[in-house]
Amino acid sequence: MMELFRNPNYDFLGKAKYFIAFSVVVLVAGCISMVVRGFNLGVDFAGGTKLTVRFVSPPDENQIREALRKGGYAPDKVVIQRTGKQLSQTDRNEVFINTPQTEADVDGDKRKITAALQQHYGTPIPPDKLDVNLIGAATLADRLTELDVLDLKKTLPPGEAEKEYRRFAEHVIQVRDAAGGTLADLKAVPLAGFDAKMGEALEKAAAIGAFNVVSAEIVGPQVGKDLRNRAIIVTIVACIGMLFFIAFRFEWIYGVAAVIAVIHDVLITLGLFSLFQWEISLTFIAAMLTLVGYSMNDTIVIFDRVREQLAQRRRDDIAKVTNDAINQTLSRTVITSGLTLLSVLALVLFGGDVLRSFSLALLVGIIFGTYSSVAIAGPILLWWKRYLEQRQRKTSSEATAPVRTGEEKPARQRAKSASVRS
Amino acid sequence: MRENVLQRAVVILLVTLGCLYVTLIGWRAPRLDDFTSLDQIRKNLAANIKLGLDLKGGSYLVMQVMVDEALKKMTDDNAEKAKALLENIGITVKEAKSLSATQMAVTIADAGRSAEARDKILEDLGKSEWTSSLSGDTLTFTLVERVAQVYRQRAVEQAMLIIENRINAFGVAEPTLQRYGAEQNHQILLQLPGVDDPERVKKTLVLESNLELRPVDGTYRVYATLEEARSVIGGRTDVEALPLDEREEEVLDEDGHPLPQRKRQPQPDAPTQYLIVSKTPIIVGRDLRDAFASSGSVDGEGSYRIIFKLKDEAAKKFAEWTGQNIGKGLAIVLNGRIKSAPTIRGQIRDTGEITGNFTKTSAEDLALVLRSGALPARIVYLEERTVGPSLGADSIRQGVAASVAGLVFIMLFMVLYYRLSGLNAILSLILNLLMLVAVMVMLGAVLTLPGIAGVILTIGMAVDSNVLIFERIREELRAGKPVLNAVELGFDKAFVTILDTHVTTVVSSLILFVFGTGPIRGFAVTLLAGLLANIFTATFVSKTMFGYVLSRSERPATLSI
């Protein structure tokens, strides 16, 4: 059989102080950064407006900045970003425009930015025509019906004209969306299945604008705060729930150790996001929840083995037993983490911008989730067990009890954990 | 281990078929084209696997009902009512006004009768709803907080009802409207799949309509300026001058329809004219039973009007009034402007109509607003997300491509590393995903972007379960146990771990589902479905497959793992 490790015997717990030192350094650096630099919060948490705008042809960022400046946006307030990869034509035509809320109405900035871009870009749309790149099917259908170039209202039974125009309007919008959100030419809309004069009707009703606002995220300042607070509270409650369950299945120290390891992972991920100023968006919450689940899973697998081994080898040194348990599960740990890591890596590389914040958080989280099970949860468990053993020994010698009881007690302590096993 | 392989295989087959059926067809009897037409299969899948707005495209609006405005209005009304009440029993009121949304003060001239006044007002307002305090000649009434909460909730419910009516009339497929966040936030979440211009929807939602039918005072006379009209009114307080949108000396027939006659074309730049009307309406908006837009009024094609029908009670009153006032003018007042003021020719029973410069859209919108009434309080938008269908499609494509790439890699590794047993893991993984989808379909749950995160964690845990089992079996084999024993022990020992990890995660995802909102819930639902499926596939299915392989020889000496 193919094996990654043959009887691995690494002294993980012996190196615990180096692990802890490393963790402390990363944690402190992260915490300092969180306090000093804070986070690069996306619209979801900070509030504001984020528009994804697709142009008919690749836009120039300086032009957009200029357009917005004329529209009343100070250049240092607006963030204009290109999408990360420039693989496809739609990527090249797309920009994100990000601004804090400047209008009294939450959705005021969307209108203002759209108007500013319209003002600046391309041939102006005649006032009697709709911009086909900015409207929905319902609006277009209304206008087509109103103009009634085909005289359908006279020739068709009542109501049928509206239906026919509606069908055509939906077709046009569908073609537009299939083309990536913008039409470059009205003549490019295929007329198969429709009256040839529909093309004429469309040209009467609409014109081509330079861009389409394909998505808008508008978040009021209070919403972001609520969302963040709820996420934090619910995560804490979930952690407490898991702590109790683990305490019930194992012993309470296992639960405490596992939860500390999880908190460690969350803090480190937050710290790294602050250090590198990666953007934190709504999906980040999902990533954090995944990370909590993953880290917990990993820790429990190791703890399960520790519990089993402690029950079997009552007379062995606890440190040795715990370390062996980690080694015995090592190939599982490496295989599972490696596989999950690779599929998350695929998400980072090919998952697109919407998932970027999510997949990056997961990537960091899985690395540290695996690490913390060995480097944080293991040592905490071991130290507590050792502390208990020492205290037992001390109290038993003070009580001038027979020496035997000192050995029996910790054994019983271990047996207790074994007896909980189902 | 080797026993009951056939029975177990049948169970697995049934589960698989059931899941396939639910996913491909759903909760209904199959039709032939469910299997033959690729187009129909695609349609079924799209209908069964519900995608969230972030994947499908659409609008997502969070709004807050300003409930205290509704309360303020109620308190204002109560203050006025209290004043009238006291004056009825001969107590002179110096001032009656609301102090806040839930508090009002009544100052009376005769401080000696304050106790009597207080009792009278409390009796009318309801003793259990209001508390009162007395200082000198001023009575202060406060709405009990518990009751105020009830009124606030009622305002939100009413707003939701009205929004629902308006959205339904708008013709959006599968809109969802629900309370959002904590109850005391008074927030509403509206999701409109496929709508990418929310501006139009928002316009329909905030349309106010305050429709009143009021008598034109005295003889029908139009005034050119407000001043002129006011000088005619003089000191009277029962009438007021309102701007007239279109001067139409129409005559209504018995059904309330204007008789066809020559009409003056409204001139766009004509100065506003005024009409003196009574302040007391005969009919108000809530007396309406129905209202709808209709095309082809007297102006000919292309123009729209709104026809309304009255409720029984109001119709009686209306018939009585019109019967007594034949020849007089009736002003149709909408939001403080007279839309038209036809002359009554005969008694009108329960139908009337509003004409004016309406287009199809504006007529339909107004009819809709008349039908559903006005919102009880203002709505403020807190959050608005619009995802264009093209962007949603991009997210799906990229997310799915990445997941498939990851999945393929995992499968390749499993086969290379665990050889034939890896194949076993792959089959359980595929069945796991199928079950996950089927459970989602059964629950009617919606797949969102955070949901995909849940799927990824499920895949991770499914692979982990298999790795745990296989590593255990390998350990036992290394320890020199015979194959059959090793497999048995491997499953038994790994089962404890799998149960512990899964139940822990189930505990946390249940908490996330119960207490979480929006994205957190989407994540929790998928994860829960995945975990339950995984316990089944990792232990039952995988074990059965091992059982089958091992049952083929009497004493299997080797295992491909």
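Each chain gets a letter, A, B and so on, in the order its sequence line appears, and its residues count up from 1. Hydrogens, waters and symmetry mates are skipped; everything else that's a heavy atom, side chains included, is used.
- Of the atoms belonging to B/Phe470, not a single heavy atom falls under 4.5 Å from chain A.
- With chain A as the partner, the residue from B/Val380, B/Ile410, B/Val408, B/Ile459 showing the most heavy-atom pairs under 4.5 Å is B/Ile410.
- How far CD1 of A/Ile302 is from OG1 of B/Thr497: 11.0 Å, rounded to the nearest 0.5 Å.
- Looking at A/Ala287, neither its backbone nor its side chain comes within 4.5 Å of chain B, counting heavy atoms on both sides.
- Looking at B/Phe513, neither its backbone nor its side chain comes within 4.5 Å of chain A, counting heavy atoms on both sides.
- The contact between A/Lys110 and chain B is made entirely by side chain atoms (from C-beta outward), counting heavy-atom distances below 4.5 Å.
- Options A/Lys50, A/Arg305, A/Glu217 differ in how many heavy-atom pairs under 4.5 Å they form with chain B, and the most are formed by A/Arg305.
- Taken from CZ in B/Arg478 to CG in A/Asn7, the straight-line distance is 6.0 Å, to the nearest 0.5 Å.
- Contact of the A/Asn297 side chain with the B/Met461 side chain is registered, since non-hydrogen atoms from C-beta on lie closer than 4.5 Å.
- Within the 4.5 Å cutoff, side-chain heavy atoms of A/Arg307 are placed close to those of B/Val496.
- For a residue to count as touching a neighbouring chain, one of its non-hydrogen atoms must lie under 4.5 Å from one of that chain's; by this rule A/Asp142 touches chain B with the side chain only.
- Among A/Thr145, A/Asn212, A/Ile285, A/Val301, the residue with the largest count of heavy-atom pairs under 4.5 Å with chain B is A/Val301.
- When every heavy atom of B/Val387 is checked against every heavy atom of A/Ser215, the shortest pair comes out as CA-CB, 4.0 Å.
- Highest contact tally toward chain A, considering only B/Asp500, B/Val514, B/Leu468, is held by B/Asp500 [criterion: heavy-atom pairs under 4.5 Å].
- For A/Ile246, the part sitting under 4.5 Å from any heavy atom of chain B is the side chain, from C-beta outward, and nothing else.
- A/Cys239 contributes atom SG, which lies 9.0 Å from atom CD1 of B/Ile511 (distance to the nearest 0.5 angstrom).
- Side chains of A/Phe245 and B/Thr505 form no contact here, defined as non-hydrogen atoms less than 4.5 Å apart.
- Residues passing the ring-ring contact (aromatic ring centres under 6.0 Å, His included) test with B/Phe523: none are found, sequence neighbours excluded.
- With values rounded to the nearest 0.5 angstrom, B/Thr501 atom OG1 is found 6.5 Å from A/Ile300 atom CD1.
- Looking at B/Glu475, the atoms closer than 4.5 Å to chain A (heavy atoms on both sides) all sit in the side chain, from C-beta outward.
- Looking only at distances, a side-chain donor or acceptor of A/Arg230 sits under 3.5 Å from a matching main-chain atom of B/Phe515.
- Closest of all the heavy-atom pairs between B/Gly406 and A/Ala346 is N-CB, 4.2 Å.
- A salt bridge links B/Asp464 with A/Arg332; the closest basic N to acidic carboxylate O contact falls under 4.0 Å.
- For a residue to count as touching a neighbouring chain, one of its non-hydrogen atoms must lie under 4.5 Å from one of that chain's; by this rule A/Glu162 touches chain B with the side chain only.
- With a 4.5 Å cut-off on side-chain heavy atoms, B/Val507 and A/Phe244 do not count as touching.
- A salt bridge links A/Glu308 with B/Arg472: the distance from a Lys NZ or Arg NE/NH1/NH2 to an Asp or Glu carboxylate oxygen falls below 4.0 Å.
- Once rounded to the nearest 0.5 Å, the distance linking CZ of B/Arg474 with OG of A/Ser331 reads 7.5 Å.
- Proximity to chain A (any heavy atom under 4.5 Å) is restricted, for B/Glu471, to the side chain, taken from C-beta onward.
- Residue contact with chain B, scored on non-hydrogen atoms closer than 4.5 Å, involves the backbone and the side chain of A/Ser343 alike.
- Side chains of A/Ile335 and B/Phe413 form a contact here, defined as non-hydrogen atoms less than 4.5 Å apart.
- The candidate from A/Val344, A/Asp44, A/Ile366 with the greatest count of non-hydrogen atom pairs under 4.5 Å with chain B is A/Asp44.
- Every residue two or more places apart in sequence or in another chain that forms a side-chain hydrogen bond (donor to acceptor under 3.5 Å, both in side chains) with B/His502 is listed here: B/Asn534.
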TODO: Kindly indicate, with the supporting measurements, whether the criterion side chain to side chain contact (heavy atoms under 4.5 Å, CB included) is fulfilled by A/Val219 and B/Arg385.
DONE: CA-CA 8 Å; A/Val219 181; B/Arg385 287 165 195 277; 3.5 Å; yes
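- Residue contact with chain B, scored on non-hydrogen atoms closer than 4.5 Å, involves the backbone and the side chain of A/Leu339 alike.
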